[in-house]
Amino acid sequence: MAARKKTPAARSPVDGLIELVGVSKVYNPDRVPVHALADVDLQIAAGEYVAIMGPSGSGKSTLMHILGCLDTPTSGSYSLRGQEVSRYTGKKLAHIRNRDVGFVFQRFNLLPRLTAAENVELPLLYARAPADRRREVVADLLAKVGLSDRGHHRPNELSGGEVQRVAIARALANDPAIILADEPTGNLDSKSEDDLMELLDSLNAAGRTLVVVTHEDSVARHAKRVVLLHDGRVV
Amino acid sequence: MNLITLCARAIASMRYNKTRSFLTTLGIIIGVTTIIAIVALLKGLDRTIDQEFSSLGTKTIYVQKLELEIGLRRHRNFEEISKRPDLTVADAAAISKLPTVRAAVPNIHRDLGTLTRGVYEADECLLTGIGEGGDLTGNWVVSEGRFITRYDQQHRNMVCVIGSYVAGNLFGPGEEPLGQTLEVEGRRYTVVGVLEEKGASFGHPQDNQIYVPVETYIKYYSLPEGRASVFRGIRIEVLPEEKVPVEAAVADVEELLRLRHGLRYYEDNDFGLNTQESMLSSLNTIRSVLWLVMVGVAGISLLVGGIGIMNIMLVSVAERTREIGIRKAVGASDADVMVQFLSEAVALSSVGGVVGIFLGLAAGAFVSAITPLQAAAPWWTVVLGVGFSAAVGIIFGIYPARKASGLNPIEAIRYE
Ligand SMILES: Nc1ncnc2c1ncn2[C@@H]1O[C@H](COP(=O)(O)OP(=O)(O)OP(=O)(O)O)[C@@H](O)[C@H]1O
Ligand SMILES: [Mg+2]
């Protein structure tokens with residue numbers, strides 16, 4: 001399906017950190033096409049705290065992957081800080097994932113063979129940061145998420161909540177402007193959920209843009225804006 | 001990411017699967033070991049041959065009943081060869097008259113075993129009948145006295161020239177061997193010369209010689225017959241005139257002997273003209289066989305090793321699909337992932353290479369220890385070993401690494 005052309009006038013003139021215009025995503029376009037996103041417009045300003053909600057299969061993860069430059073839209077435009085990134089490929093997308101966005105998944109966040117500290121270090125390695133700076137940043141971030149004493153633990157030696165906090169520390173490694181979290185509390189009990197949300201709140205309070213996908217009203221309450229998706233459309 | 005971090009990471013990942021890594025590198029280990037060991041062997045062979053031949057006369061032509069070949073001897077009918085005419089002192093005299101020939105010396109010897117003189121003993125002595133010029137053809141330096149002369153030969157003089165081992169063992173410390181008599185198998189010879197020490201050749205001692213005039217020898221000892229004559233009969237050592245190429249002298253000697261033996265033009269030589277050159281040429285056969293074995297074994301095992309590495313890397317990429325997805329999600333570029341997996345493949349093959357180098361060097365040292373071959377691998381084989389194994393890692397690692405780097409991050413993370 002072709003996206004309707006939007007005129008530049010339709011764009012929000014405000015501090016548009018993220019601007020999606022007419023974004024669609026079609027999986028399996030050749031066989032059984034799945035329209036995961038249909039003509040989505042979305043603006044997120046710097047410093048916003050947005051929750052994305054919607055029923056299962058409504059396209060939340062697909063949207064997050066596009067926002068995080070893990071995937072590209074089938075059609076439409078995505079501009080990040082005024083750069084049109086929807087047609088970027090390979091190396092440029094990798095650079096954005098490394099520097100501009102930090103991503104937290106619901107599961108399988110950490111590399112099982114590496115320690116917590118080594119997991120946090122990964123984005124710094126790919127940013128070619130020197131060893132002493134890497135050590136410093138890793139120590140700072142582990143302290144920030146309250147896991148200074150868990151640096152040498154491997155993921156299977158950590159609780160679910162601790163794993164997610166390590167993932168957040170890693171998302172912060174290169175000090176990105178945006179943190180994207182796809183159901184970060186999906187596997188956690190309510191106590192761990194509260195701790196994690198407190199951590200995310202503090203990040204937003206410090207000025208970072210936050211987008212969180214969730215099914216829980218208790219989580220969405222923390223956000224200042226809720227975007228509702230239904231069948232791939234913003235409602 | 002710098003090289004050290006890469007290597008550290010690659011090795012850490014290898015240690016994660018020690019047994020698998022070892023089995024994978026086996027092919028590389030065998031390949032590199034073969035390369036190093038065989039080059040060491042070839043080098044040792046060359047070095048030993050060089051030394052041995054320099055202690056013999058380098059230009060000397062050995063005229064014998066048999067064409068000599070070192071090593072791979074094709075099937076010879078010794079019955080036939082023993083029927084060939086024996087070489088004689090007269091043949092030597094005729095050859096020595098050739099203008100291209102400086103000296104032609106008849107030579108025949110027998111083992112004496114242990115020789116005693118009063119309280120003194122010398123083991124494994126050799127009695128050799130020889131003519132004038134035997135010091136030239138045998139590359140001897142006479143340290144005291146003189147060598148056997150034509151005069152000694154013609155008059156069947158009871159004189160002898162002895163090697164340093166004989167002189168040292170049969171004569172007491174302050175004793176001067178010159179002018180003394182030496183009793184050999186019941187006959188008394190006057191010592192007229194002592195030779196300088198030469199050391200062993202092809203593992204045989206040389207300083208155990210007792211040289212007597214060939215005519216004297218023939219007078220007392222019957223010449224060997226039948227099969228024994230092939231190796232133990234009279235041989236003639238020919239030294240070409242200075243500035244005359246060995247081949248020219250060989251051609252003259254050949255023509256003369258064919259004439260003396262009455263050979264027709266269509267008949268083959270019934271004697272051997274053995275030179276360092278001709279013996280070395282048969283050595284070259286050994287050398288090329290060794291090279292072929294090396295190239296074959298090394299090539300096949302490196303190929304098998306490479307396929308093993310490719311296979312294990314493909315397994316590794318499949319096992320670590322989710323890891324690759326996460327790495328990409330946090331900013332690894334395709335090139336980063338490519339380099340990571342390529343360096344793991346190279347680390348695998350290089351570790352195999354290093355182990356192979358040590359095994360190969362050990363094999364060379366072992367051969368040196370138990371044989372006279374000084375089988376030492378030159379430094380460039382080490383470079384070759386490292387180079388080959390690293391190259392195998394790169395060549396066979398590219399495909400799996402490309403596969404890893406081409407993965408879509410989201411699909412990779414979702415991979416079960
Ligand atoms: N790789 C894919 N190939 C084909 N279809 C896909 C693929 N990924 C997602 N989909 C489909 O796209 C639609 C949106 O999926 P998405 O994962 O974005 O949903 P979601 O809102 O995150 O759901 P949930 O709340 O269950 O995580 C679904 O119908 C899903 O089946
Ligand atoms: Mg989802």
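Just so we're on the same page: letters track the sequence lines, and every chain starts at 1.
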Original post:
What are the two closest heavy atoms between A:Y126 and B:G331, and how far apart are they?
Top reply: CB-O, 3.9 Å
Subject >> Contact summary for A:N98 and B:V330, nearest pair of heavy atoms >> reply: ND2-O, 2.9 Å
Original post:
How long is the span from the CD1 atom in B:I410 to the CZ atom in A:F105, to the nearest 0.5 Å?
Top reply: 5.0 Å
Subject >> A:L110 CG to B:I326 CD1 distance, which is reported to the nearest 0.5 Å >> reply: 7.0 Å
Subject >> For chain B, the option from A:K91, A:K92, A:R170, A:H95 that forms the most heavy-atom pairs under 4.5 Å >> reply: A:R170
Original post:
For the residue pair A:R97 and B:K328, what are the closest heavy atoms and their distance?
Top reply: NE-O, 2.7 Å
Original post:
Heavy-atom distance under 4.5 Å to chain B: side chain of A:R99, backbone, both or neither?
Top reply: neither
Subject >> Contact class of A:N109 relative to chain B, heavy atoms under 4.5 angstrom >> reply: backbone
Original post:
Does a sphere of radius 6.0 Å around CZ in A:R113 hold more than 12 heavy atoms from other residues, nucleotides or ligands, not counting ones at 6.0 Å or beyond?
Top reply: yes
Original post:
Under a 4.0 Å N-O cut-off, is there an ion pair linking B:D336 with A:R128?
Top reply: yes
**OP:** Report the distance from atom CG of B:N408 to atom NE2 of A:H65, rounding to the nearest 0.5 Å.
**Re:** 9.5 Å
**OP:** Against chain B, work out which of A:A94, A:C69, A:S61 has the most heavy-atom pairs shorter than 4.5 Å and name it.
**Re:** A:A94
**OP:** Decide if atom OH of A:Y27 counts as having more than 12 heavy atoms of other residues, nucleotides or ligands within a radius under 6.0 Å.
**Re:** yes
**OP:** Measure A:L114 against the heavy atoms of chain B and call it side chain, backbone, both or neither at under 4.5 Å.
**Re:** side chain
**OP:** Mark yes when over 12 heavy atoms from residues, nucleotides or ligands other than B:Y399 sit less than 6.0 Å from its OH; otherwise mark no.
**Re:** no
Subject >> Heavy-atom neighbours of A:Y49 OH exceed 12 at 6.0 Å >> reply: yes
